[in-house]
Number of protein chains: 2
Amino acid sequence: MTGETDRREAAEHLALTLVGAGMQRMGARALAAFLFSEKETLTAGDLAQELGVSAGSVSGAVRMVAQMGLIERIHVAGSRREHFRMRDNAWTTLYSRQHSVVDEVLRAVENGVGAVGPGRAHDRLEYMRDFYTFLLNEAPMLVERFERQRRGEPRS
Amino acid sequence: MTGETDRREAAEHLALTLVGAGMQRMGARALAAFLFSEKETLTAGDLAQELGVSAGSVSGAVRMVAQMGLIERIHVAGSRREHFRMRDNAWTTLYSRQHSVVDEVLRAVENGVGAVGPGRAHDRLEYMRDFYTFLLNEAPMLVERFERQRRGEPRS
DNA sequence: GCGAATGTTCAGAAATTTCTGAAGACAGGA
DNA sequence: TCCTGTCTTCAGAAATTTCTGAACATTCGC
């Protein structure tokens, strides 16, 4: 049970779901490959083989996922290959300001607040701005709370 | 200053940013139209005119944004037109379980946890599952805290 | 430096998404 | 019931995204 086929299927399913969530196809597949791999690191060649795609596709996918902050490049001395691995804090970083898509949205909203005069639109945009600002500010604490809970007391 | 042109530009800019964040084009434009409108509600016709697109496009866009829980249909008695308006708790609902894309991802991850045997992949997937579960559980409290802070004490 | 292995870029092909316009469905008033 | 205004659906056109493959760049060992 839980054979190689199941593993592949589950990986593809997660990738598809991530695509539905707005991620680009190849990036999602690459990310799933990392998640479902038993290895600590993967090379571009590994990914190409695992996903059955060209080196060019891998290059693009890896760049994107790296830019999201989910994986990082690892230079291995004495090897020409470049290794990649999921960052330890991949999921938490996703909610920090730097790599965040949310931050771009926030800036666009702030721009909107400045572009409209007083009225309903202004109020709506301010509310949206405040909410997303709050989220970005709270994220680090939330993350810390998660980490602590996961190590410390398993319950509550 | 802050003329109609600025307003339109800011709206389009936000829409574009949302597209970059993974939202579909027409849905993003529709959402921006709601955000930037001085009216309380908009009809399908309003949207078609504002965005310069066909009735068919509006229909699809509105369905999607409604499904995300950001706008709601309002039946006005004595009128054939259907009105839409942004939901009061649009942004907060987005982080609740029901309308959440995150929830679908979470299910795909749980499926993955069940599909792989013990090892690195299993650990990674469990971690991801726990983190997203935590997020979904915490979201309501976070939202409540935001609401309270916004009314109550402006500082801190 | 030179050669070999590996990674990146990019033009074009293929696949997918998105939008339209027309036909059909539905609801309300006469 | 019929008519009219409004919304939805859907096939196909248009636009966009995605992938490939080959040429180019880079880096390491020698």
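Naming: A, B, ... by sequence-line order, numbering from 1 per chain.
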*Asks:* Compare every heavy atom of A/Met23 with every heavy atom of A/Leu31, then report the nearest pair and how far apart it is.
*Replies:* CD2-CE, 3.9 Å
*Asks:* Please give, in whole Å, the distance from C/dT18 P to B/Met64 CE?
*Replies:*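 Those two atoms, CE and P, are 7 Å apart.
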*Asks:* Answer with base, sugar-phosphate or nothing: what part of the nucleic acid does B/Val58 contact at a heavy-atom distance below 4.0 Å?
*Replies:* nothing
*Asks:* Is a donor-acceptor contact shorter than 3.5 angstrom present between the side chain of B/Arg25 and the base of C/dT17?
*Replies:* no
*Asks:* If you only use heavy atoms from C-beta on, which nucleotide in D/dG5, C/dC19, C/dT8 is closest to the side chain of A/Ala55?
*Replies:* C/dT8
*Asks:* So, is B/Ser57 near the phosphate of C/dT20, with a side-chain N or O under 4.0 Å from OP1 or OP2?
*Replies:* yes
*Asks:* At 4.0 Å (heavy atoms only), tell me whether A/Arg81 reaches a base, stays on the sugar-phosphate, or touches nothing.
*Replies:* sugar-phosphate
*Asks:* Hey, which of these two, B/Arg73 or B/Val19, hits DNA chain D nearer its 5' end, going by closest nucleotide?
*Replies:* B/Arg73
*Asks:* Do the charged groups of B/Arg148 and B/Glu144 touch, with an N to O distance under 4.0 Å?
*Replies:* yes
*Asks:* What's the closest nucleotide to the side chain of B/Arg80 if the choices are C/dC19, C/dG28, C/dT17?
*Replies:* C/dG28
*Asks:* Check this for me, if you would: do B/Arg150 and B/Glu147 make a salt bridge, where the nitrogen-to-carboxylate-oxygen distance has to be below 4.0 angstrom?
*Replies:* no
*Asks:* Determine to 10° how strongly the helix from C/dG1-D/dC30 to C/dA30-D/dT1 is bent, judged from the axes of its five-pair ends.
*Replies:* 30°
*Asks:* Tell me whether the centres of the aromatic rings in B/Phe146 and A/Tyr127 are closer together than 6.0 Å.
*Replies:* yes
*Asks:* Can you identify which nucleotide, out of D/dT8, D/dG5, C/dT20, has its nearest atom closest to the B/Ser59 side chain?
*Replies:* D/dT8
*Asks:* Between B/Arg7 and B/Glu50 (salt bridge meaning N to carboxylate O under 4.0 Å), is one present in this structure?
*Replies:*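 Result for this pair is yes, salt bridge flagged.
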*Asks:* Show, in sequence, the C-alpha distance, side-chain angles and deciding distance for B/Thr133 and B/Asp130, and conclude whether the side chain to side chain donor-acceptor pair (under 3.5 Å) test is met.
*Replies:* CA-CA 5 Å; B/Thr133 301; B/Asp130 290 351; 5.3 Å; no
*Asks:* Less than 4.0 angstrom between a side-chain N/O of A/Arg63 and OP1 or OP2 of C/dT9, yes or no?
*Replies:* yes
